[in-house]
Amino acid sequence: VASELVPSPFARFFVDRVFAFKGEGVIVTGSLLGASVKAGDTLYRYPDGKHVKVRSIEQAGEEMPQARTHFRTAFNLSGVKRGDIAVGDLLLSSRAQPGKGQVEALLVEPPEMLRAESPPLDEIARKPQELNAFVGSALIEVKRLQVAPFAEGKYLAQMNLKTKLPLSSGTEVILFRTSTRKIPVGGWLLSIDGIPRGLRRTQMAARLKMAAELLAKAAANGVPTQVQVALAEFALHLAFHGFISGDFRPQLSLLPAKRYEEAWNLLAPVLASAGFSERSERDYRSAGVSPAPMTAGGRYPVTPASLPAPES
């Protein structure tokens with residue numbers, strides 16, 4: 001899968017160790033993914049979004065003027081104190097836009113080695129308080145999990161994470177059950193930019209079901225995983241916002257543009273046969289979901305007018 005990814009326009013680095021030497025500043029280690037980083041570059045640390053400066057770089061025991069990607073890396077940082085950065089923090093070379101990059105959905109299936117003993121995901125979802133999500137080196141508490149099956153052993157899931165990070169769609173993730181210390185499922189993060197707030201659980205379930213049904217039809221004959229991820233993002237955007245176009249791309253996607261083209265070519269005939277109205281070429285609208293107003297920041301904070309008022 002890694003070989004199919006196009007070069008990313010941004011670097012991403014999950015911190016897995018933090019230490020400090022007197023007179024040397026703070027040093028963090030991890031694996032550098034995406035774009036390269038040079039000494040002197042500015043990175044943005046999340047979840048707080050504050051910037052830090054890369055004072056120097058070390059790889060394979062040698063100081064480097066520029067870090068190579070997919071290598072273990074140590075960054076000597078300035079502009080940050082030892083207590084301000086922790087294991088699981090994410091460093092990005094680009095500041096994420098407000099309201100974007102907040103991945104709240106998954107395309108999930110049990111890892112092959114655990115498939116025979118993994119319980120159904122809807123059973124796991126009944127006790128989300130026992131779940132944590134592993135993304136990079138970050139262990140994030142899952143506050144809520146809702147699921148919709150689209151194929152045998154495969155699900156779309158919407159989750160609420162306790163910590164908000166600007167995560168990248170297409171990133172691998174595993175769910176860890178704290179009560180049994182087992183890994184029941186793994187999958188790929190999906191981006192839903194600005195889920196309308198105030199949705200009831202039943203409304204959220206209906207949106208997931210709609211997206212899962214579209215995904216099941218479009219991917220019925222089996223498609224590569226990356227295309228399934230792109231298909232799922234198309235279907236979720238349509239289900240939650242009421243419209244979709246062929247040029248839709250999540251801000252922090254790791255997928256090549258060609259995967260979205262392949263996904264659109266599979267999805268468009270399904271939408272046409274399912275009765276979705278085509279406003280213009282490569283632009284469809286759902287008759288059952290009114291689009292929420294988008295603000296200047298690119299968010300959809302308002303519940304669609306066609307839905308019942310949110311519960312108090």
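Side chains are part of it too, since the values below use all heavy atoms of this structure and drop only hydrogens, waters and symmetry mates.
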Linking I/L/V/M/F/W/Y whenever their side-chain heavy atoms sit closer than 4.5 Å, directly or via other members, would L165 and V18 fall into one cluster? no
With under 30° as parallel and over 60° as perpendicular, where do the rings of F243 and H241 fit, or are they tilted in between? tilted
Under the criterion side-chain hydrogen bond (donor to acceptor under 3.5 Å, both in side chains), I'd like the reasoning laid out for S253 against Y260: C-alpha separation, chi angles, the key distance, then a yes or no. CA-CA 10 Å; S253 177; Y260 285 100; 2.8 Å; yes
If the threshold is 4.0 Å, N to carboxylate O, is there a salt bridge linking D16 and R72? yes
Taking all non-hydrogen atoms of both residues, which atom of K53 and which atom of G40 are closest, and how far apart? CE-O, 3.1 Å
Under the criterion side-chain contact (heavy atoms from CB on, under 4.5 Å), I'd like the reasoning laid out for E233 against R249: C-alpha separation, chi angles, the key distance, then a yes or no. CA-CA 9 Å; E233 291 180 331; R249 301 285 187 278; over 6 Å; no
Rounded distance [0.5 Å steps], CG in L208 versus CZ in R201: 10.5 Å
Over all heavy atoms of both residues, which pair between A218 and L266 is shortest? Give the atoms and the distance, please. O-CB, 3.9 Å
Determine the minimum heavy-atom distance between P166 and L92, stating which atoms define it. CG-CD1, 3.6 Å
Non-hydrogen side-chain atoms of S273 and K217 separated by less than 4.5 Å: no
What verdict does the side-chain contact (heavy atoms from CB on, under 4.5 Å) test give for F10 and R12, after you've listed the backbone C-alpha separation in whole Å, the side-chain angles of each residue and the deciding distance to 0.1 Å? CA-CA 7 Å; F10 58 92; R12 59 194 191 283; 4.1 Å; yes
Could you walk me through whether V173 and W188 pass the side-chain contact (heavy atoms from CB on, under 4.5 Å) check? CA-CA 6 Å; V173 63; W188 296 267; over 6 Å; no
Separation between CG (L189) and OG (S168), nearest 0.5 Å, reads 8.5 Å
Rounded to the nearest 0.5 Å, what separates atom CG in L91 from atom OG1 in T42? 11.5 Å
Can you tell me how far apart CG (L236) and CG (L214) are? Round to the nearest 0.5 Å. 9.5 Å
Following the transitive rule for hydrophobic clusters with a side-chain heavy-atom cut-off under 4.5 Å over Ile, Leu, Val, Met, Phe, Trp and Tyr, establish whether F13 and V54 coincide in one cluster. yes
Would a single hydrophobic cluster contain both F150 and L238, if residues Ile, Leu, Val, Met, Phe, Trp and Tyr are joined by side-chain heavy-atom contacts under 4.5 Å? yes
Give a yes or no answer on whether the side chain of T29 reaches the backbone of A74 with a donor-acceptor pair at less than 3.5 Å. no
Hey, are the side chains of Q228 and L107 touching, using non-hydrogen atoms and a 4.5 Å cut-off? yes
Heavy-atom pair with the smallest gap, counting every atom of P65 and I57: O-CD1, 4.1 Å
Salt bridge check, R282 against E261: does any charged N sit closer than 4.0 Å to a carboxylate O? yes
If you measure only the distance, is there a donor-acceptor pair under 3.5 Å linking the side chains of E58 and T73? no
Check: F176 ring centre within less than 6.0 Å of F134 ring centre: yes
Point-to-point distance, once rounded to the nearest 0.5 Å, from CG of L33 to NE2 of H70: 6.0 Å
Hits for side chain to side chain contact (heavy atoms under 4.5 Å, CB included) against P269, two or more places apart or cross-chain, chain-then-number order -> none
If we ignore angles and hydrogens, is there a donor and acceptor under 3.5 Å between the side chains of T163 and Y46? no
Report the C-alpha separation of V80 and R45 in whole Å, then their side-chain angles, then the decisive distance to 0.1 Å, and conclude whether the side-chain contact (heavy atoms from CB on, under 4.5 Å) test is met. CA-CA 10 Å; V80 62; R45 81 175 190 271; 3.8 Å; yes
Counting C-beta onward and ignoring hydrogens, is there a side-chain heavy-atom pair between Q158 and R144 closer than 4.5 Å? yes
Distance col, row D84:CG vs D48:CG, nearest 0.5 angstrom, shows 8.0 Å
Member of V229, L190, V135 meeting the side-chain contact (heavy atoms from CB on, under 4.5 Å) criterion with T171: V135
Sub-3.5 Å donor-acceptor pair from the side chain of S93 to the main-chain atoms of A11, do we have one? yes
Grouping I, L, V, M, F, W and Y whenever their side-chain heavy atoms are under 4.5 Å apart, do L215 and M204 come out in a common cluster? yes
Just by modelled atom types, is the L231 backbone N or O under 3.5 Å from a matching donor or acceptor in the R259 side chain? no
Can you see which heavy atom on L161 is nearest to which on K143, and at what distance? O-CE, 4.1 Å
Close side-chain approach of I85 and V15, heavy atoms under 4.5 Å: yes
According to a 4.5 Å side-chain heavy-atom criterion applied to Ile, Leu, Val, Met, Phe, Trp and Tyr, with indirect links allowed, do I27 and M64 form part of one hydrophobic cluster? no
Which residues share a side chain to side chain donor-acceptor pair (under 3.5 Å) with R82, sequence neighbours left out: none
Residue pair R68 / L32: nearest heavy atoms and the distance that separates them: O-CD2, 3.8 Å
If the test is ring-ring contact (aromatic ring centres under 6.0 Å, His included), which one of F240, W264, F276 qualifies with F234? W264
Side-chain contact, heavy-atom cut-off 4.5 Å: V26 with V28? yes
